[in-house]
Amino acid sequence: MSIPKFIVFCINSLMLHFYCILGVMNLDCGGLSCKMPQYIKTPYLRSLLKMRQSSYFAPTIKENPAEAQVVSHRLMLRSGMIRQVTSGVYNYLPLGLKVLQKIENIVREEMNASGAQEILMPMVQPLEIWKETGRDDKYGPELLRLKDRHDRDFCLGPTHEEVITDLVRNNVQSYKQLPFMLYQIQNKFRDEVRPRFGLMRGREFLMKDCYSFDVSVEKAKDSYEIMQKAYCRIFDRLGLDWRMVDADSGEIGGDFSHEFHVLASTGEDTLIFDTEGEYAVNVEKHDADNCSVPAERLKEAKGIEVGHIFLLKDAYSAPMSAEVLSDEGKNITIQMGCYGIGVSRIMAAAIEQNHDENGIIWPEQLAPFAIHLINLRGKDEECAAACDKLYADLKAQGHDVLYDDREAGAGQKFADADLIGCPWQCTIGPRGLKNGEAEWKNRRTGETVNLPLGELPQTLGSKAA
RNA sequence: CGGGGAGUAGCGCAGCCUGGUAGCGCACCUGGUUUGGGACCAGGGGGUCGGAGGUUCGAAUCCUCUCUCCCCGACCA
């Protein structure tokens with residue numbers, strides 16, 4: 001490449017970036033396209049920059065895939081949220097990823113608000129540290145092992161106690177540096193004997209794992225309680241019906257292990273809880289307990305375990321010698337806690353709890369889009385113009401909108417919209433347009449109301465996307 | 001890991017028993033008619049029948065081995 005050509009190339013590249021930014025701003029501010037470079041007016045870019053379903057990668061399936069037995073798996077495949085790559089391993093398509101990120105963000109915000117600091121640890125871990133804690137043998141074949149070109153042993157991380165304990169012991173020397181909490185949101189791999197139920201029991205899955213580090217067991221319990229409260233806020237914010245139950249904390253004793261379950265008839269765990277009091281346990285623990293609550297007050301429900309918090313004490317820090325110097329100048333072992341949330345499993349659990357025969361009914365907080373805008377007559381210019389304008393207005397008000405501009409039959413569009421399950425469907429067709437109206441349908445209640453174009457249902461908040 | 005089932009077009013399946021040029025529905029492409037709950041007519045594209053070996057004049061079909069996926073069970077900080 002000659003020098004003048006190179007300079008021209010550089011200038012062009014810069015201009016391209018500049019135009020892209022301009023283009024995005026213009027399009028998303030309601031089509032103020034007068035200053036838009038010519039190329040960005042191409043239908044291709046326009047459709048990419050708007051969430052136009054005609055070019056949005058959400059391949060829906062009318063028929064039930066044979067391999068999917070549980071409803072969340074079936075609906076995620078059918079609505080084009082996920083696709084299987086191999087047993088227990090999935091691609092997340094744009095719709096699925098948006099949901100996953102919404103869950104992730106709620107979890108992240110509450111972790112940060114609790115003082116935990118976000119980090120990112122590797123998926124590949126040296127096997128040596130697993131030998132230090134003895135979990136190399138204990139985990140067995142569920143730990144997927146691999147060798148590098150130098151014949152060194154590695155494994156794919158099913159959890160990160162070893163890695164984080166190693167990190168902390170190498171970088172903390174004094175009690176003055178404690179306490180702190182670290183967390184990450186990262187893919188885990190467990191080579192399950194039998195992966196099943198789609199995202200409910202995959203081999204690779206997205207998990208939030210948090211770890212606390214304290215100078216004493218008493219202090220570690222304080223950290224535990226902070227996390228316990230954070231978890232309650234998280235599950236409230238997710239908009240799900242959930243229960244916290246006592247879990248078997250083994251030799252540690254006390255109340256320092258809790259499971260968080262999303263209630264769903266398809267859940268694998270059976271929970272027992274007091275309808276009037278605090279008592280709530282997993283059925284296995286109930287059978288072992290001396291429960292003083294009268295039987296008639298106990299209620300049984302199925303749950304999906306989506307969170308588990310645990311006081312580890314020195315289970316990992318002792319074998320790995322994670323120590324700090326105390327105020328008396330003595331070595332003391334760090335006391336730890338660990339706190340997990342199955343992010344991708346929550347996505348499945350949310351569907352198990354929120355669906356009907358037509359598809360998913362997303363809680364507002366998790367929905368991939370708040371509004372599904374449906375142009376009933378793709379070829380009709382008036383309909384298209386009305387939809388384009390409404391789309392721009394809704395975006396300008398901060399609403400997240402998926403715009404079905406496809407030239408398909410009305411039945412197919414309604415069916416897809418119900419399947420994908422956005423909380424609101426806004427339909428514009430020639431019939432309503434004669435009166436200057438759009439039809440708004442609440443996915444959960446099924447209620448519909450005709451409103452003048454641009455007017456929103458009162459129960460639809462005007463939150464920023 | 002034990003038991004069972006299945007691999008044939010993107011999806012759902014038939015064909016296999018009894019070997020003889022690979023089919024159906026949906027989806028997809030082209031043209032036209034349609035259009036408020038998965039439309040219609042006409043035309044069209046797409047398959048090394050999971051893979052390898054064997055038997056045979058000839059294999060999706062019979063035999064052997066192998067891989068993968070699914071279901072039930074055991075397992076799951």
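Just so it is clear: chains get the letters A, B, ... in the order the sequence lines come, proteins before strands, and each one is counted from 1.
The separation between A:Asp380 atom CG and B:U34 atom P is 14 Å, rounded to whole Å. For A:Glu142 and B:C1, the CD to P distance is 14 Å, given to the nearest whole Å. The separation between A:Phe57 atom CZ and B:G10 atom P is 15 Å, rounded to whole Å. A straight line from CG of A:Asn64 to P of B:G25 spans 21 Å, rounded to a whole angstrom.
The salt bridge (charged side-chain N to carboxylate O under 4.0 Å, His left out) test applied to A:Asp153 returns A:Lys147, not counting sequence neighbours. Every salt bridge (charged side-chain N to carboxylate O under 4.0 Å, His left out) that A:Asp241 has, sequence neighbours left out, goes to A:Arg243. Remark: A:His73 engages A:Tyr90 in a ring pair (Phe, Tyr, Trp, His ring centres under 6.0 Å) (not counting sequence neighbours). Partners of A:Tyr175 under the ring pair (Phe, Tyr, Trp, His ring centres under 6.0 Å) rule, at least two apart in sequence or in another chain, do not exist in this structure. A:His355 is linked by a ring pair (Phe, Tyr, Trp, His ring centres under 6.0 Å) to nothing, counting only residues two or more places apart in sequence or in another chain. Applying the ring pair (Phe, Tyr, Trp, His ring centres under 6.0 Å) criterion to A:Tyr279, with sequence neighbours excluded, gives A:His286.
The side-chain heavy atoms of A:Ile309 and A:Phe260, taken from C-beta on, include a pair separated by under 4.5 Å.
Look at the C1' atom in both B:G53 and B:C67: the space between them is 14 Å, to the nearest Å. A distance of about 29 Å separates the P atoms of B:U64 and B:C72, rounded to the whole Å. Atom name C1', nucleotides B:G3 and B:G45: the rounded distance is 44 Å, in whole Å.
A heavy atom closer than 4.0 Å to some atom of RNA chain B occurs in no member of residues 125-140 of chain A.
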Validation: residues 58-67 of chain A side-chain donor-acceptor distances under 3.5 Å, sequence neighbours left out:
from	atom 1	to	atom 2	distance (Å)
A:Thr60	OG1	A:Asp416	OD1	3.2
A:Thr60	OG1	A:Asp416	OD2	3.4

Using a cutoff of under 3.5 Å, can you pull out all pairs of nitrogen or oxygen atoms linking the protein to nucleotides 72-74 of chain B, with atom names and distances?
from	atom 1	to	atom 2	distance (Å)
B:C72	OP2	A:Arg194	NH1	3.3
B:C72	OP2	A:Arg194	NH2	2.7
B:C72	N4	A:Arg194	NE	3.4
B:A74	N6	A:Arg196	NH2	3.2

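For residues 192-201 of chain A, every residue pair satisfying the side-chain hydrogen bond (donor to acceptor under 3.5 Å, both in side chains) rule, not counting sequence neighbours, is listed here: A:Arg201-A:Glu268. The side-chain hydrogen bond (donor to acceptor under 3.5 Å, both in side chains) pairs that include a residue from residues 370-386 of chain A are A:Gln53-A:His372, where partners are two or more places apart or lie in different chains.
Of the possible polar contacts, one joining the A:Lys98 side chain to the A:Pro368 backbone as a donor-acceptor pair under 3.5 Å is found.
In this structure, A:Thr86 reaches the B:C69 phosphate: one of its side-chain N or O atoms is under 4.0 Å from OP1 or OP2.
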Where protein sits on nucleotides 36-44 of chain B, one letter per nucleotide: B base, S sugar-phosphate only, - none, heavy atoms under 4.0 Å: BBB------
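Of the residues near RNA chain B, A:Pro65 and A:Arg190, the one whose nearest nucleotide (by heavy atom distance) lies more toward the 5' end is A:Pro65. Take the nearest nucleotide of RNA chain B for A:Asp209 and for A:Ser87: the residue whose nucleotide is more 5' is A:Ser87.
Looking at heavy-atom distances under 4.0 Å, A:Glu67 makes contact with sugar-phosphate atoms alone, never a base.
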